[in-house]
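Proteins come first, then strands; the chains are lettered A, B, ... in the order of their sequence lines, and each starts at number 1.
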Number of protein chains: 2
Amino acid sequence: MSLAHVLLTSLLEKPSTGFELARRFDHSMGYFWQASHQQIYRELKQMLKKDWISITPDITSTRSKTYQVEQLGRIALTEWLSQHSAPAQVRDDLMVRLRAEAQLGGNQLLQELEQHLNIHRQTLNIYQQIFAKDFTRAAPKQRTLFIHRMILELGIQMEQTWIDWLENLIPQLKSFSLENNVTKPEFF
Amino acid sequence: MSLAHVLLTSLLEKPSTGFELARRFDHSMGYFWQASHQQIYRELKQMLKKDWISITPDITSTRSKTYQVEQLGRIALTEWLSQHSAPAQVRDDLMVRLRAEAQLGGNQLLQELEQHLNIHRQTLNIYQQIFAKDFTRAAPKQRTLFIHRMILELGIQMEQTWIDWLENLIPQLKSFSLENNVTKPEFF
DNA sequence: GTGAACATGTAAACAGTTACATGATTCT
DNA sequence: AGAATCATGTAACTGTTTACATGTTCAC
């Protein structure tokens, strides 16, 4: 379980409310981690109980609570850093579908593939805009900034890999169905 | 939940025992889906109850059960194919660690990054061997084979993207720690 | 006959998703 | 005054992982 550590990192970058944290998963943190608000609130409560974080004594007494990292939280994060982990596992629905379709035939997935291509193009676009906004000025001298840029670049590269692959696959699948190889799914 | 559909696809490719299915997740299916044997047995039991699959009347009366897909299973899989899905979500531990380290400082992750680089090189190697073994002879005319090749190629490309990125990142992080920018994690 | 690989399973713990519910603040 | 957004939470469910447990087959 590392959602706690994602939240610690995010709070270390900037003390925030649960809501702000949830929103941040759509941006910077979102390249490589997602979490719903329910997960976040549950986790924040548990971290509060462990004294990893605390609520800032906020003058603007609204209902929102701003959390900040405490010493114990820093220690926990540092300990977690020293652990080893295997590369993330991939679980890709689309690939399973494609392989199922390879068995069943028809050309049932063209639309789906094209939609995925569109989504990847949009995501790439968003990432590139963030890149242009935050990291354009030459090579960053600040280590933190440099690492953030590298993470974004990996996200960009991954999207590009998907786009290239789909742009190669789609026309080839189309030409397959033009030949008389059209196999219809039949089980009746 | 699509483990059932992954299993259906796999069984459609070749009727198998639970154990064989589990093993296949280390190979072909494993590029984009993983499952433990516990998940697989549980799922097989449920699919059997729904009559999506059946046990082949096996002469070699061992303890092992070979499963095959039934009509209802084919129908279920075809229905699932027609559904839409969003691109798979990424959840990458290493990226979180890196971002945490960007906050805490030290150069605590070099070893970990190098190990990941190694693993990705090994995985790439395995994929390339499978490629050489199964897909070397020109362009496959058979649609099924073509799709399998494309899926493997995506896996290869993804590994290559990781390797390139890590080979770029690691030396740059090293040169950061050679400058007097070395920041130690301090919380005492 | 012993150890490795084959083969199946139960139970508990943990993580993640979905549905539901509420109320405050800000903008028009 | 009404809508959109901010903000937090509970409960139930589904999916995944880990620990434990057991027995078979095959090769040496």
Distance in angstrom units between A/Phe25 CZ and D/dA7 C1', rounded: 16 Å
Lys/Arg-Asp/Glu bridge criterion (N-O < 4.0 Å) met for B/Glu79, B/Arg74: no
Whole-Å gap separating P (C/dC14) and CD (B/Gln39): 17 Å
Presence of donor-acceptor pair under 3.5 Å, side chain of B/Arg91 and base of D/dT16: no
B/Arg42 (side chain) and D/dT14 (base): donor-acceptor pair under 3.5 Å: no
Charged N-O contact under 4.0 Å between B/Lys50 and B/Glu70: no
First of A/Gln38 and B/Lys45 reached from the 5' end of DNA chain C, by closest nucleotide: B/Lys45
Atom-pair distance (CD on A/Gln34; P on C/dT18), nearest Å: 13 Å
For A/Gln111, side-chain contact (heavy atoms from CB on, under 4.5 Å) partners two or more places apart: none
Between A/Asp164 and A/Gln160: side-chain donor-acceptor atoms closer than 3.5 Å: yes
Euclidean distance, atom CG of residue A/Leu48 to atom P of D/dG9 [Å, nearest integer]: 10 Å
Between protein and nucleic acid, restricted to nucleotides 3-8 of chain C and to nitrogen or oxygen atoms under 3.5 Å apart, what atom pairs and distances do you find?
residue: C/dA7; atom: N3; partner: B/Arg63; partner atom: NH2; Å: 2.9
residue: C/dT8; atom: OP1; partner: B/Lys65; partner atom: N; Å: 3.1
residue: C/dT8; atom: OP2; partner: B/Gly18; partner atom: N; Å: 3.2
residue: C/dT8; atom: OP2; partner: B/Phe19; partner atom: N; Å: 2.7
residue: C/dT8; atom: OP2; partner: B/Tyr41; partner atom: OH; Å: 2.7
residue: C/dT8; atom: O5'; partner: B/Tyr41; partner atom: OH; Å: 3.3
residue: C/dT8; atom: O4; partner: B/His37; partner atom: NE2; Å: 3.3

Atom-pair distance (CG on B/Leu3; P on D/dT17), nearest Å: 10 Å
Electrostatic pair A/Arg99:B/Glu13 at N-O distance under 4.0 angstrom: yes
Euclidean distance, atom CD1 of residue B/Ile40 to atom P of C/dT10 [Å, nearest integer]: 15 Å
Exercise: do A/Ser85 and B/Glu112 side chains pair donor with acceptor under 3.5 Å: yes
Mutual orientation of the aromatic rings belonging to B/Trp162 and B/His120 [parallel < 30°, tilted 30-60°, perpendicular > 60°]: parallel
Bending between helix ends of the helix from C/dG1-D/dC28 to C/dT28-D/dA1 [5 pairs per end, 10° resolution]: 30°
Value in whole Å for how far the C1' atom of C/dT17 lies from CD of A/Glu43: 15 Å
Distance-only polar pair, side chains of B/Gln172 and B/Asn168, donor-acceptor under 3.5 Å: yes
Ion pair A/Glu153/A/Arg149, N-O distance below 4.0 Å: yes
Gap between atoms CD1 and C1', on A/Ile55 and D/dA7 respectively (whole Å): 13 Å
